[in-house]
Amino acid sequence: FLGLATFCGSLLSVQVGLFFSGRMQVRIIMFLNALFDAGSCTYLLLWWLSDYMDFDTICLAYFGLAVLSYGGGVYFWNTAVPEQDDADYGELAEELEEEAMALAGKKKSDRKYHGESLREFQAAHMDSPQEIAETIKSYRGDASGSLRASAEFKVAPVYGSVEMGASKDKISGEQDGSPSEADYVLIADRSPMDQLLSWPFIMLTLFFSINMVSTNWSLATAADFLASLGDTNGKYLSLFTIMQPASIFALPLVDATVHRLGFGAAFQCVNGIAFGYILIKLLSDNLNVQIIHFVAVAVVRCYLYAVTFSFLPRLLSANVVGKGTGFLYMVGGVASFLNIPLNNMVLTKGFFPPNLLYLILTIPTTFMAGFVQLTIAKENKAKKEKGLIVH
């Protein structure tokens, strides 16, 4: 039951994020995933309540909270309307206008709508982005009805002599017959099965599963590992336990990494931090030094879950994101059984061999994250060629 509840909660944390767009979507998914570890502070609340309530009363309170939460969730799930990319649309339209002026050799003073801002002109003379997209689909036979197509349609009447959407590089590429990234089929445009069987998603799944199993190993064996270093009174174990809910405080750092350096760099941060804390476990038997390991485990879990699941909507189509999330958790859950023989190994050979294994595994995960990085660059280039929004 607990495993099913955890799975469903994690699945919904990604699906809820799809109601938002742009950077807000990334932040919402990151925040909801960070709450997973932060929720463990509930035990502190229960410990405090145990002095004032009996077990039956606490269970009844939990039931009431569940009805309120799930009931409200069902209501909003059926009434909420997904946010549109209007802000991104406006930025793209401005970009297209500048492109049109450059190709036509015109200036902003040449606008035919007499000094109105572009958005004012659009609001006064054009339909909504969704309606324009549908018009473009029928007008151009464009199956995608892309956001850029609708923006082109709005800007085109202003500079009617310019063929929109064809940059100088794209024109020259068509003339010399060189291949264009526009021919690349985005992963999100493929069939659901092809998306889940694509190499980038497979690499992401392996990357997530290995790191998930590695951090779970650290959590599950923390008491025995610290006891083997001399923590007989549980002082350092208490510090380790308290620091895990504090992982939510690493969220601003994760958000800044994704926003400034991109998802690829954020994935590599997971590998770098994991390598660091496992190395500390291998090389130091000083409990005070292990505090760095405590902090690193909390931070790496925040990075791992927040970055992986906020990246999924960038890689997969909206109708496949839920399946992709479920698949990630399923593979990670099955892979967690590998910790059982490792735990048996500890009884005879100590913690060094399992920790060394997880240190070595940071090498292939670095290559997996690098493969995903290359995919991000390729997909972004293709999106630019196709005139789609690149977040």
Side-chain angles (χ1 to χ4, degrees), residues 1-14 32-40 42-43 196 201-228 237 240-241 243-245 247 267 270-271 273-278 281-282 293-294 296-312 322-369 372:
F1 173 79
L2 291 176
L4 182 61
T6 301
F7 174 80
C8 292
S10 302
L11 184 64
L12 288 175
S13 69
V14 180
L32 292 176
N33 276 279
L35 285 178
F36 181 77
D37 277 351
S40 59
T42 304
Y43 294 114
L196 297 177
F201 181 72
I202 291 174
M203 289 296 167
L204 180 65
T205 301
L206 293 174
F207 168 85
F208 173 78
S209 299
I210 292 174
N211 280 288
M212 173 184 168
V213 173
S214 177
T215 57
N216 285 348
W217 167 260
S218 292
L219 294 177
T221 61
D224 293 330
F225 174 71
L226 293 174
S228 70
L237 177 61
F240 179 83
T241 305
M243 285 185 180
Q244 299 318 301
S247 64
F267 284 125
V270 175
N271 292 317
I273 300 171
F275 180 88
Y277 82 73
I278 297 174
K281 292 175 69 176
L282 281 170
H293 150 227
F294 303 164
V297 170
V299 173
V300 81
R301 283 179 63 84
C302 185
Y303 262 95
L304 177 63
Y305 287 89
V307 175
T308 299
F309 292 108
S310 61
F311 173 68
L312 273 185
K323 299 180 180 68
T325 303
F327 190 78
L328 284 174
Y329 272 109
M330 182 193 73
V331 175
V334 172
S336 294
F337 285 105
L338 297 176
N339 281 336
I340 296 177
L342 293 181
N343 187 63
N344 295 332
M345 183 187 298
V346 170
L347 299 177
T348 57
K349 299 183 179 180
F351 281 96
F352 187 86
N355 288 336
L356 180 61
L357 172 63
Y358 281 120
L359 183 71
I360 294 173
L361 285 176
T362 59
I363 298 175
T365 56
T366 299
F367 286 102
M368 293 168 190
V372 175

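As the structure is a prediction and not an experimental result, all values here were calculated from the model.
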### Task
Could you tell me whether the side chain of L328 reaches within less than 4.5 Å of the side chain of L312, counting heavy atoms only?
yes

### Aromatic F225 / basic K281 pairing, under 6.0 angstrom, 45° off normal
yes

### 4.5 Å side-chain heavy-atom contact, F275 and T366
no

#### Entry: Ring-ring centroid check Y329 F309, cutoff 6.0 Å
yes

### Message
Measuring only between side-chain heavy atoms, which start at C-beta, is F208 closer than 4.5 Å to V331?
### Response
no

### Query
Does a side-chain heavy-atom distance below 4.5 Å link V300 with T215?
yes

### Task
Taking atom types as modelled, find out whether T365 and N271 have a side-chain donor-acceptor pair closer than 3.5 angstrom.
yes

### Query
So which of L356, V346, L282 actually passes side chain to side chain contact (heavy atoms under 4.5 Å, CB included) with F351?
V346

### Message
Taking side chain to side chain donor-acceptor pair (under 3.5 Å) as the definition, give me every residue that meets it alongside T308, ordered by chain and number, with sequence neighbours left out.
### Response
none

### Message
L206: which residues meet the side chain to side chain contact (heavy atoms under 4.5 Å, CB included) condition with it, sequence neighbours left out?
### Response
I202, M368

### Task
Could I get the full list of side chain to side chain contact (heavy atoms under 4.5 Å, CB included) partners for V213, not counting sequence neighbours?
A335, S336, N339, Y358

### Query
Nearest heavy-atom pair of L304 and M212: which atoms, and what distance?
CD2-N, 3.7 Å

### Query
For the residue pair F267 and Y303, is the inter-centroid distance of their aromatic rings smaller than 6.0 Å?
no

